[in-house]
2 protein chains.
Amino acid sequence: MIRLGRIGYVNCYPVYGAMDRGVVAAPATLVTGTPNELNDRLADGRLDVSVISAVAYAQHAERFELLPDLAISSDGPVRSVLLFARRPLQELDGARVLVSTSSRTSVQLLEELARSKWSLRLELAPAPAEPGDLKRLAATEHDAVLVIGDAALLLSSGGAYPVVIDLGEEWKRWTGLPFVFAVWAARRDVDRATVRDVHKALLASRKWGLANIPLLAEQAARATDVDVGDCAEYLAGLDYGLSYRHLAGLTDFLRRLAARGVVPDGTLAFLGAA
Amino acid sequence: MIRLGRIGYVNCYPVYGAMDRGVVAAPATLVTGTPNELNDRLADGRLDVSVISAVAYAQHAERFELLPDLAISSDGPVRSVLLFARRPLQELDGARVLVSTSSRTSVQLLEELARSKWSLRLELAPAPAEPGDLKRLAATEHDAVLVIGDAALLLSSGGAYPVVIDLGEEWKRWTGLPFVFAVWAARRDVDRATVRDVHKALLASRKWGLANIPLLAEQAARATDVDVGDCAEYLAGLDYGLSYRHLAGLTDFLRRLAARGVVPDGTLAFLGAA
């Protein structure tokens with residue numbers, strides 16, 4: 001049985017919800033983790049296929065093939081990749097910013113926006129920022145903090161920070177493009193026919209998920225303690241395709257990272273048609 | 001023996017030069033044409049693998065797979081996709097513009113720049129514009145004319161128009177990205193192992209070509225009657241890779257065309273690794 005990674009966050013419900021309910025047969029053993037845990041596990045062979053962050057793909061592109069037509073993006077506000085700040089953006093130059101250890105792509109997006117769009121120097125310091133970490137986080141000295149996923153939904157519903165900046169929205173304003181946070185990739189040493197079966201199951205599961213957002217929003221509200229209406233709006237604002245617009249956003253981001261030497265310059269390699 | 005398309009223009013010398021000279025064994029029967037002839041032949045099965053225009057790929061993406069790491073782009077002026085005009089750009093609103101029948105991507109690039117960047121309405125009329133057509137073209141009533149390839153190099157060296165607009169340069173100024181004019185694609189019904197061999201041969205031939213630009217510039221000067229220094233500069237300004245920057249330019253262009261309904265919204269499908 002091959003091992004298929006999933007992010008435990010609400011943002012993955014639309015892709016895995018039908019598998020969770022047995023509506024679509026899970027073609028693999030499901031392994032849950034934060035984006036960064038999945039990144040590491042797919043790179044070192046503990047997973048065979050997984051959703052991983054866009055930056056993690058580019059860091060080890062030679063080991064991976066992308067699954068076509070599947071990604072997690074936003075074309076505007078994403079609502080779950082948020083910079084919470086104690087003062088306005090323009091007053092954050094030189095500020096100490098805690099950044100979630102769960103994420104790689106969001107941290108690079110923040111870095112890119114700070115340098116190239118906002119012209120701010122930020123002093124980034126990694127900090128655990130899952131829902132269970134939020135209390136300790138509040139007690140840690142900081143000017144701002146980057147939080148992702150369910151913890152971001154939760155923290156934003158609390159209203160504890162005067163300034164909240166949505167990185168998906170900032171990217172869209174800057175480039176006019178969607179931002180691709182995560183992609184699905186397979187290790188190249190995994191049997192292709194099996195990967196194609198997993199891909200088909202993921203697409204079938206997503207089809208069911210997108211047709212059942214209200215049900216998934218209820219599940220999300222129970223899991224996160226966030227209002228069900230907010231959860232529904234959140235899920236409806238995410239995009240799970242990977243067409244030209246998304247590819248334009250993804251490669252525009254990666255060429256910026258490659259120019260700064262954060263990832264090797266490379267190309268997108270997709271699983272070929274059967 | 002499979003059939004491999006090549007554009008007869010100077011811009012393809014760096015990719016096919018080593019095959020022409022027997023330095024790299026041609027893995028297929030070479031068929032020469034204008035971009036549009038090759039587009040049609042690959043789509044209808046008269047060719048198996050070919051360089052085709054970016055728009056032609058997107059029009060029939062479901063029939064094709066892209067060859068990785070190979071394209072014809074410019075990251076700034078391209079010198080061979082030129083709008084020749086009798087008056088300045090800002091005076092061309094409503095103008096009758098002849099456009100080369102050899103090209104599909106350049107015409108769409110002109111259309112996109114006119115609509116979205118220049119805010120001009122242009123009345124486009126197709127006209128043959130290969131080197132042998134230039135005399136007749138000069139005698140045809142027009143305010144401006146879009147010419148590509150060797151004919152553009154020739155016409156620009158003549159200095160017959162007061163205004164010459166380089167569409168590669170305009171795109172770069174507008175988007176900050178390279179513009180991908182052509183890609184290499186294979187029909188999906190062609191044996192993959194054979195396509196991989198052709199791809200390898202093309203990459204080996206390109207490697208030789210890029211190391212022998214002065215020689216290819218001499219050949220280009222003889223073929224076009226354009227100064228050898230200009231030919232060398234022209235070839236050195238073209239780019240034959242397909243990394244993130246190029247993909248960003250390509251997909252940014254295609255998402256614009258998809259939004260206008262010129263091509264179906266789709267994705268990039270590449271020949272997979274062996």
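Lettering follows sequence order; numbering is per chain, from 1.
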*Applying side-chain contact (heavy atoms from CB on, under 4.5 Å), run through L250(A) and Y244(B) and close with a yes or a no.*
CA-CA 9 Å; L250(A) 175 61; Y244(B) 297 135; over 6 Å; no
*Using a cut-off of under 4.5 Å on heavy-atom pairs, state which of D252(B), L242(B), L254(B) scores highest against chain A.*
L254(B)
*Checking heavy atoms, do the side chain of A58(A), its backbone, both or neither come under 4.5 Å from chain B?*
both
*What part of P178(B) lies closer than 4.5 angstrom to a heavy atom of chain A: side chain, backbone, both or neither?*
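No part of it gets close to chain A.
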*Interchain contact, L247(B) with chain A, by part (heavy-atom threshold 4.5 Å)*: both
*Answer whether the closest heavy-atom distance between the side chains of L268(B) and L268(A) falls below 4.5 Å.*
no
*Any idea which heavy atoms bring S243(B) and D265(A) closest together, and the distance?*
OG-OD2, 3.2 Å
*For the side chain of T267(A) and the backbone of D69(B), is there at least one donor-acceptor N/O pair under 3.5 Å apart?*
no
*Verify the neighbour count for atom NZ of K117(A): are there more than 12 heavy atoms of other residues, nucleotides or ligands below 6.0 Å?*
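Counting other residues, nucleotides and ligands, NZ of K117(A) exceeds 12 neighbours.
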